[in-house]
Enquirer: 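Sending over a structure as structure tokens; questions will come in a sec.
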Amino acid sequence: MTPVIADPALLTHPALAAAAARRETCWFNPQWQPLGKAQATLPVDATVIDGAEARLARCAPLMAAAFPLTAGQGGILESPLLPVPALHQHLERGWNRPLPGHLWLKADHALPVSGSIKARGGIHEVLKVAETVALRAGLWAGPEENTRRLLSPQCRAEFQRHEIAVGSTGNLGLSIGIMAARLGFSATVHMSADAKGWKKALLREKGVQVVEYAEDYSAAVAQGRQQAQANPLCHFVDDENSLDLFAGYAVAARRLAGQFAVNGIVVDADHPLFVYLPCGVGGGPGGVAFGLRQQFGDAVHCLFAEPVEAPCMLLGMASGRHHQVAVQDLGLSGQTCADGLAVGRASGFVGGVMEPLLSGIFTVSDAHLLQMVVALQQAEGLMVEPSAVAGVPGVGWVSAPQATGWRQAHGLTDQNLQRATHLVWSTGGSMVPVDEQERTLAAGQAYGPLEYWGFEGEQPNPFVRSKG
């Protein structure tokens with residue numbers, strides 16, 4: 001049955017017409033600006049990162065005590081930066097051409113506590129709530145006192161009077177729920193129909209109340225927000241609009257700069273950096289992209305990756321309508337095996353911040369997500385969930401012959417592409433149960449290998465089999 005397009009005017013945009021036809025596509029953002037110019041129009045600046053970085057640092061003793069697995073890193077939640085040369089070679093064989101530069105993986109699937117990119121932002125916001133509640137109750141003296149005080153029986157008793165709630169497709173819920181429950185808050189996660197059963201079970205095991213909805217992410221968030229408004233002692237974590245989440249995510253960029261320095265990676269005009277971030281509602285990738293532009297300026301190009309059935313940020317930014325339009329207006333379902341990316345309507349706040357900062361957005365089919373899970377596991381021995389590999393095709397899009405005009409407009413020559421760093425941000429997966437991993441691998445293997453990826457039409461499609 002032909003899908004009903006609620007707003008045919010959207011189809012006048014080539015990228016949105018491709019999206020409505022469920023074709024993998026890439027859109028390069030014409031609103032991109034040099035950081036010096038963009039800075040003047042942004043509603044946030046680097047001071048929000050300063051605050052989040054300071055809070056996470058002073059709460060490190062608390063984290064080390066609350067989660068002993070983090071003690072080896074001094075209570076700092078950070079993920080490894082991994083070279084993935086075997087995956088790079090796999091991709092070159094797939095595309096049957098050299099892919100210039102060096103490929104790395106930012107392994108946020110291995111972040112401690114909740115195993116996803118959501119850990120930094122979600123835990124940061126819960127820690128801020130805990131500091132605020134304890135300070136108001138006279139149970140904590142402020143930043144000059146050790147934050148381990150927040151684990152005291154007196155603070156726990158006070159936290160039990162308060163609730164922290166969030167709407168989530170899964171990973172943010174794990175981050176918020178696990179942290180809030182550990183401190184003693186009453187924790188509630190409103191979960192959409194897309195959320196995986198094992199994530200709901202894990203939250204309940206940690207003492208978190210899980211409220212399930214038959215509708216999608218937006219409905220779960222709306223219901224959670226409405227219920228929270230009825231309780232004056234409830235703090236609702238709003239992934240669509242929370243500056244505290246956004247700031248916590250952005251801290252990752254500064255830590256990445258330190259990891260680059262350790263590995264001898266240079267980022268400047270002659271050594272460009274390309275970062276590929278899976279995107280759902282936009283909070284996590286938006287915060288990271290904001291931090292990256294603040295850190296590396298115009299030498300970094302950030303691209304979001306979205307499922308073919310749920311390209312909400314592509315729709316919002318390419319149309320200029322942001323949160324006022326949903327993927328259902330393109331006749332798309334919003335349903336995908338990448339549960340963390342199963343979002344129909346993007347954050348208007350994040351879309352607005354990204355307008356001058358983001359370089360582009362590309363889409364990926366579920367079949368290719370599953371195949372890439374298999375490819376990463378076979379090439380590098382790393383197991384992630386489908387959403388975490390969405391960024392893998394990015395190196396193909398930015399280096400494709402069809403992207404020559406975009407590269408020229410940004411001064412990206414063949415020479416500096418050879419010196420480029422490509423970074424795939426893996427967003428979740430280390431907490432996935434073994435039986436779920438096996439089902440995902442089996443589903444990917446059923447599609448067979450990507451033996452050759454060619455290009456079709458005006459837009460490069462790195463996952464179309466050669467017809468030759």
Side-chain angles (χ1 to χ4, degrees), residues 26-53 81 101 104 106 108 117 120-121 124 242-261 265-279 281-306 313-314 316-318 322 346-362 391 394-395 397-398 406-407 409-412 416 420-425 427:
C26 184
W27 169 77
F28 292 109
N29 179 18
Q31 308 256 32
W32 183 97
Q33 295 177 1
L35 184 62
K37 183 177 180 181
Q39 205 80 273
T41 65
L42 295 176
V44 291
D45 59 29
T47 60
V48 302
I49 310 177
D50 296 337
E53 187 176 35
L81 175 67
W104 292 75
K106 180 59 175 157
D108 268 10
I117 189 174
R120 292 185 204 84
H124 170 255
S242 171
L243 188 56
D244 293 326
L245 280 180
F246 189 83
Y249 298 139
V251 170
R254 294 185 178 176
R255 296 177 178 174
L256 178 65
Q259 291 177 319
F260 277 176
I265 298 173
V266 176
V267 179
D268 58 26
D270 292 325
H271 303 79
L273 170 64
F274 299 91
V275 181
Y276 312 111
L277 293 147
C279 179
V281 75
V288 172
F290 172 77
L292 289 167
R293 286 298 307 274
Q294 294 293 323
Q295 186 69 38
F296 300 110
D298 302 339
V300 61
H301 289 280
C302 301
L303 291 92
F304 289 172
E306 297 187 292
M313 189 62 72
L314 169 63
M317 291 190 67
H322 297 297
S347 163
F349 162 66
V350 173
V353 174
M354 288 296 101
E355 269 191 352
L357 299 180
L358 190 68
S359 290
I361 304 172
F362 57 91
V395 61
W397 287 112
V398 302
W406 173 77
R407 293 195 300 270
H410 289 276
L412 297 168
N416 59 29
T421 298
H422 297 273
L423 183 62
V424 173
W425 212 284
T427 50

Enquirer: Would you say Glu355 and His322 make side-chain contact, with heavy atoms under 4.5 Å?
Expert: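 Yes, their side chains come closer than 4.5 Å.
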
Enquirer: Does the side chain of Val300 come within less than 4.5 Å of Val275's, by heavy atoms?
Expert: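 In short, these two side chains touch, coming nearer than 4.5 Å.
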
Enquirer: I'd like to check Val251 versus His124 (side-chain heavy atoms, cut-off strictly below 4.5 Å). Are they in contact?
Expert: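 Side chain of Val251 against side chain of His124, heavy atoms only: no contact under 4.5 Å found.
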
Enquirer: How far does OG of Ser359 sit from CE of Met354, to the nearest 0.5 angstrom?
Expert: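 Rounded to the nearest 0.5 Å, the OG-CE separation comes out at 10.5 Å.
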
Enquirer: Sequence neighbours left out, what pairs pass salt bridge (charged side-chain N to carboxylate O under 4.0 Å, His left out) with at least one residue falling in residues 26-44?
Expert: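 Non-adjacent pairs meeting salt bridge (charged side-chain N to carboxylate O under 4.0 Å, His left out): zero.
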
Enquirer: Using the test side-chain hydrogen bond (donor to acceptor under 3.5 Å, both in side chains), find all partners of Trp406 that sit at least two apart in sequence or belong to another chain.
Expert: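 Residues passing side-chain hydrogen bond (donor to acceptor under 3.5 Å, both in side chains) with Trp406: His410.
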
Enquirer: On a heavy-atom basis, which atom in Ala52 and which in Gly248 lie closest, and how many Å separate them?
Expert: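 Looks like CB-N, 4.0 Å.
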
Enquirer: Quick one, Leu412 and Pro272 - any side-chain contact, counting heavy atoms below 4.5 Å?
Expert: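 Yes - at least one pair of side-chain heavy atoms lies under 4.5 Å apart.
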
Enquirer: Can you measure from CD1 (Ile361) to CG (Leu277) and round to the nearest 0.5 angstrom?
Expert: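 That separation rounds to 11.0 Å.
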
Enquirer: Taking salt bridge (charged side-chain N to carboxylate O under 4.0 Å, His left out) as the test, write out the residues that go with Glu53, two or more places apart.
Expert: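 Applying salt bridge (charged side-chain N to carboxylate O under 4.0 Å, His left out) to Glu53 gives Arg254.
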
Enquirer: Below 4.5 Å, heavy atoms only, C-beta onward: do Val350 and Met313 meet side chain to side chain?
Expert: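 Sidechains of Met313 and Val350: in contact.
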
Enquirer: Between atom CG of Leu256 and atom CH2 of Trp425, what is the distance when rounded to the nearest 0.5 Å?
Expert: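 Those atoms lie 5.0 Å apart.
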
Enquirer: Please set out all donor-acceptor pairs under 3.5 angstrom arising from side-chain atoms of residues 284-296, sequence neighbours excluded.
Expert:
residue: Arg293; atom: NE; partner: Gly297; partner atom: O; Å: 2.9
residue: Arg293; atom: NH1; partner: Leu357; partner atom: O; Å: 2.9
residue: Arg293; atom: NH2; partner: Gln33; partner atom: O; Å: 3.1
residue: Arg293; atom: NH2; partner: Asp298; partner atom: OD1; Å: 2.9
residue: Gln294; atom: NE2; partner: Gln39; partner atom: OE1; Å: 2.8

Enquirer: Give the minimum heavy-atom separation between Pro356 and Thr41, together with the two atoms involved.
Expert: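 Between these two residues, the closest heavy atoms are CG-OG1, 4.3 Å.
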
Enquirer: List for me each residue that meets side-chain hydrogen bond (donor to acceptor under 3.5 Å, both in side chains) alongside Asp244, sequence neighbours excluded, and say none if there are none.
Expert: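 Residues passing side-chain hydrogen bond (donor to acceptor under 3.5 Å, both in side chains) with Asp244: Lys128.
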
Enquirer: Excluding sequence neighbours, so at least two apart, what forms ring pair (Phe, Tyr, Trp, His ring centres under 6.0 Å) with Phe304?
Expert: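 Phe304 satisfies ring pair (Phe, Tyr, Trp, His ring centres under 6.0 Å) with no residue once adjacent residues are dropped.
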
Enquirer: Find the distance between CG (Leu314) and SG (Cys26) and round it off to the nearest 0.5 Å.
Expert: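 Rounded to the nearest 0.5 Å, the CG-SG separation comes out at 9.0 Å.
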
Enquirer: How long is the gap from CG on Leu358 to CH2 on Trp32, to the nearest 0.5 Å?
Expert: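 Interatomic distance, Leu358 CG to Trp32 CH2, rounded to 0.5 Å: 11.5 Å.
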
Enquirer: What distance do Leu273 atom CG and Trp104 atom CH2 have between them, rounded to the nearest 0.5 Å?
Expert: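 Leu273 CG to Trp104 CH2: 12.0 Å, rounded to 0.5 Å.
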
Enquirer: Does any part of the side chain of Val398, heavy atoms only, come nearer than 4.5 Å to the side chain of His422, both counted from C-beta?
Expert: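 Yes, side chains in contact.
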
